[in-house]
2 protein chains.
Amino acid sequence: MNATVPKVTVQRLPVYLRCLEGLSSGQEHVSSDQLAELAGVNPAKVRKDLSYLGSFGVRGVGYGIEHLRFQIRIELGLEEDWPVVIVGIGNLGRALANYAGFGDRGFNIVGLFDADPAKVGKKVDGLVIEPLKNLKRSVQSKNASIGLVTTPAAAAQETAESLAAAGIRSILNFAPTVIAAPEGVDIRRVDLSTELQVLSFYLHRRRSD
Amino acid sequence: MNATVPKVTVQRLPVYLRCLEGLSSGQEHVSSDQLAELAGVNPAKVRKDLSYLGSFGVRGVGYGIEHLRFQIRIELGLEEDWPVVIVGIGNLGRALANYAGFGDRGFNIVGLFDADPAKVGKKVDGLVIEPLKNLKRSVQSKNASIGLVTTPAAAAQETAESLAAAGIRSILNFAPTVIAAPEGVDIRRVDLSTELQVLSFYLHRRRSD
DNA sequence: ACATGTGAAGCGCTTCACAGCG
DNA sequence: CGCTGTGAAGCGCTTCACATGT
């Protein structure tokens, strides 16, 4: 339990959480070997990762599944509530708005925004799409802390700046472009086509062996 | 030009490609400093990354933008065609089927599949949704090499195995679960909620400072 | 006996700093 | 002179191997 959890460990914690969920409920403990197998990593890595959170494994037995899940959730801040807004309600924005997987992790979608007047006023998953001019007011009244950018590439930078101006400090960018992070804002990129390109690289490699 | 491009470099190549696209067309060359600024990385890293592909920068001038784009596309295999199938046509599958960003990079969607008989036969973006039993035949006749899994978590493992049995060697898994890779298959995971959890970690960290 | 927690070694990526070249 | 290409140093993560604890 301390101030330095390596970045790579932070990225693996959600994976461990996922694996723990998939575990048979007949089981109370899990060993680093078993968890490593499920997560597709080395057992020593599992132990080292978990040791950053504290040391709540039991030697000769393993980790208590419930306790481990809870500790990871605490560490990731998932016991808190993180209201989320989505800007750009096209196909992807709509899919994310409907994505049930968010709610049960403390990520509640509290606002949908779009620049297109034709979309404003329509409902998606129980929420009314608002115009961009409402962004600041809405973010502040709903205390939103995370923004998802699902606009076209051309609008992404401007959108990020509007979100920053509205007080958002964390952005997930789904638009197929690289955004310059406004001062004090943490941006992560999810680029669907980047992932395909990485697959392509290895396919290409294999093919030309 | 050689056999060992580091994994991390492969992951950055698509980012560089994105940045090059955003460059003003009045410009013919780009320096490692400028590209680094756009991509949000260290200039030396840009130079080292690009040096793995060959050495086509010009000292004192920079990299020819067109040439660089072409070389990266070659290296990533984007000059080839990679037919893609999607299994699981819910909100996300539909969004991906409609996502235009794939086509212009050689990723052509050639098949849509769903287990739900009510969906089979419907059209999405010009393609008819097929039943799973057609998977193998369709993958082989269309020479598909990449499969996107957008099923519910519970069906993801089985879907991956069907894809593998049909001859697919590369899978992008969007289902919120960790899949065990079938023999000889390369799996990459895109987990929307994992990314949110990483943001959450750092928000949580900041908040408790 | 068995599985965790962890120094220490190993490995790969990042960054520096400068030689090389247009 | 300016910017690339790259040895070499630095750094952080991974993995090993075993002491530690139950």
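What you see below is based on every heavy atom in this structure, not just the backbone, and it leaves out hydrogens, waters and symmetry mates. Letters A, B, ... mirror the listed sequences (proteins, then strands); counts begin at 1.
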Look at the side-chain N and O atoms of [X] and state whether any lies under 4.0 Å from the OP1 or OP2 oxygen of [N].
X	N	answer
N42(A)	dC13(D)	no
Y63(B)	dG5(D)	yes
R12(B)	dT14(C)	yes

Could you tell me how far apart [X] ([atom1]) and [N] ([atom2]) are, to the nearest whole angstrom?
X	N	atom1	atom2	result
Q71(A)	dT4(C)	CD	P	16 Å
H29(A)	dC2(C)	NE2	P	17 Å
K7(B)	dC13(C)	NZ	P	7 Å
K45(B)	dC11(D)	NZ	P	15 Å
L68(B)	dT4(D)	CG	P	11 Å
F56(A)	dG5(C)	CZ	C1'	12 Å
Y52(B)	dT4(D)	OH	P	17 Å
D49(A)	dG12(D)	CG	P	17 Å

- prompt: Looking across every strand, which nucleic acid part, if any, lies under 4.0 Å from K48(B) by heavy atom: base, sugar-phosphate, or nothing?
  reply: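 Base contact.
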
- request: Under 4.0 Å from any atom of DNA chain C, heavy atoms only: list the residues of residues 32-41 of chain A that qualify, in numerical order.
  value: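 Under 4.0 Å from DNA chain C: S32(A).
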
message: Could you work out, with salt bridge (charged side-chain N to carboxylate O under 4.0 Å, His left out) as the rule, every residue matching R59(B), not counting sequence neighbours?
response: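 Residues passing salt bridge (charged side-chain N to carboxylate O under 4.0 Å, His left out) with R59(B): none at all.
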
task: Look at the side chain of R59(A) against the base of dT4(C) and say whether a donor-acceptor pair falls under 3.5 Å; ignore hydrogens and angles.
output: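 Looking at the base of dT4(C), it does pair with a donor or acceptor on the side chain of R59(A) (distance under 3.5 Å).
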
- prompt: For the side chain of R47(B) and the base of dG5(D), is some donor closer than 3.5 Å to an acceptor across the two?
  reply: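 When only heavy-atom distances are counted, R47(B) does reach the base of dG5(D) through a donor-acceptor pair under 3.5 Å.
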
query: Charged N to carboxylate O below 4.0 Å: is that the case for D191(B) and R18(A)?
result: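 Judged by the 4.0 Å cut-off on N to carboxylate O distance, D191(B) and R18(A) do form a salt bridge.
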
Ion pair R169(A)/E183(A), N-O distance below 4.0 Å: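 Judged by the 4.0 Å cut-off on N to carboxylate O distance, R169(A) and E183(A) do not form a salt bridge.
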
message: Counting neighbours of NZ on K7(B) that are heavy atoms of other residues, nucleotides or ligands and sit closer than 6.0 Å, is the number greater than 12?
response: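 Open.
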
task: For side chain to side chain contact (heavy atoms under 4.5 Å, CB included), just list the numbers for L148(B) and L96(B), CA-CA rounded to whole Å, side-chain angles, deciding distance to a tenth of an Å, and then say yes or no.
output: CA-CA 9 Å; L148(B) 310 189; L96(B) 293 178; 4.0 Å; yes

query: Do L172(A) and F174(A) have side chains that get closer than 4.5 Å, going by heavy atoms?
result: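 Yes. Closest side-chain heavy atoms under 4.5 Å.
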
- request: Mind running salt bridge (charged side-chain N to carboxylate O under 4.0 Å, His left out) on R189(B) and E195(A) for me, showing each step along the way?
  value: CA-CA 9 Å; R189(B) 217 168 51 94; E195(A) 299 299 326; over 6 Å; no

